[in-house]
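Worksheet for the structure shown next.
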Amino acid sequence: MNLLTRAYILERYGVRLGVAQLSELLCVAEGTIRNQISAETFPVPTYVEGGRRFASYEAIATYLDAMTQRANRS
C-alpha cells in the first residue's frame, strides 16, 4: 500500500471519482471506460449512485499500486 498514491488521489479528486476523472487520471478515453464497464472488463470496481458511475479513490489507488509493482517486476 502506497500512502502517497492514496494521498494524491484523495487530494486531487476526493473520495470518489466519476468517469471523467477516471479518464483524466488513467489517460483513457471516457468512451473506452464506459465500454469496458459495460463489458465488465474495467480493472477497477465501480458503482452507480444517483444515476452516475463512480469508483472509490481506494480502489483506484490499489489498482495503480498493483500496476506499479507489475511494471517494476518486468
Side-chain angles (χ1 to χ4, degrees):
M1 175 170 78
N2 188 336
L3 293 177
L4 185 58
T5 304
R6 281 153 179 73
Y8 172 79
I9 295 170
L10 186 58
E11 182 177 324
R12 182 158 171 98
Y13 298 103
V15 295
R16 63 186 188 174
L17 290 81
V19 174
Q21 294 169 317
L22 290 169
S23 173
E24 180 182 320
L25 180 62
L26 299 174
C27 298
V28 176
E30 286 185 47
T32 300
I33 292 173
R34 291 186 191 284
N35 289 341
Q36 288 179 353
I37 290 169
S38 293
E40 297 182 358
T41 59
F42 191 62
V44 179
T46 63
Y47 62 94
V48 176
E49 184 177 305
R52 294 186 58 208
R53 184 156 301 270
F54 297 98
S56 74
Y57 84 98
E58 190 70 32
I60 296 294
T62 299
Y63 169 73
L64 291 174
D65 288 345
M67 293 297 99
T68 299
Q69 288 179 351
R70 185 174 160 194
N72 288 337
R73 280 188 238 134
S74 297

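Reckoned from all heavy atoms, side chains included, excluding hydrogens, waters and symmetry mates.
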Under 4.5 Å between any side-chain heavy atoms of Y63 and L26, yes or no? yes
Check whether any side-chain heavy atom of M67 lies under 4.5 Å from a side-chain heavy atom of P43, and answer yes or no. no
T5 (side chain) donor-acceptor with D65 (main chain) under 3.5 angstrom: no
Is there side-chain contact between I9 and L25, with heavy atoms separated by less than 4.5 Å? yes
If only atom types and distance count, is the side chain of S38 paired as donor or acceptor with the main-chain N or O of R34 below 3.5 Å? yes
For the hydrophobic clusters of this structure (ILVMFWY residues joined by side-chain heavy atoms under 4.5 Å, transitively), does one cluster hold both V28 and F54? no
For residues 10-21, please give each side-chain donor-acceptor pair under 3.5 Å, one per line with the distance, not counting sequence neighbours.
| unit_1 | atom_1 | unit_2 | atom_2 | d |
| --- | --- | --- | --- | --- |
| R12 | NH2 | E24 | OE2 | 2.8 |
| Y13 | OH | E24 | OE2 | 3.1 |
| R16 | NH1 | E49 | OE1 | 3.3 |
| R16 | NH1 | E49 | OE2 | 3.0 |
| Q21 | OE1 | G18 | N | 2.8 |

Flag side-chain contact, heavy atom, 4.5 Å: L22 against F42: yes
Residues in side-chain hydrogen bond (donor to acceptor under 3.5 Å, both in side chains) with T62, at least two apart? R6
Just wondering, do I33 and S23 contact through their side chains at under 4.5 Å, heavy atoms? yes
Looking at every heavy atom in both P45 and A59, which two are closest together, and how far apart are they? CD-CB, 4.1 Å
Once rounded to the nearest 0.5 Å, what's the spacing between atom CD of Q69 and atom CG of N2? 9.0 Å
The criterion is side-chain hydrogen bond (donor to acceptor under 3.5 Å, both in side chains); which residues satisfy it with E30, sequence neighbours excluded? none
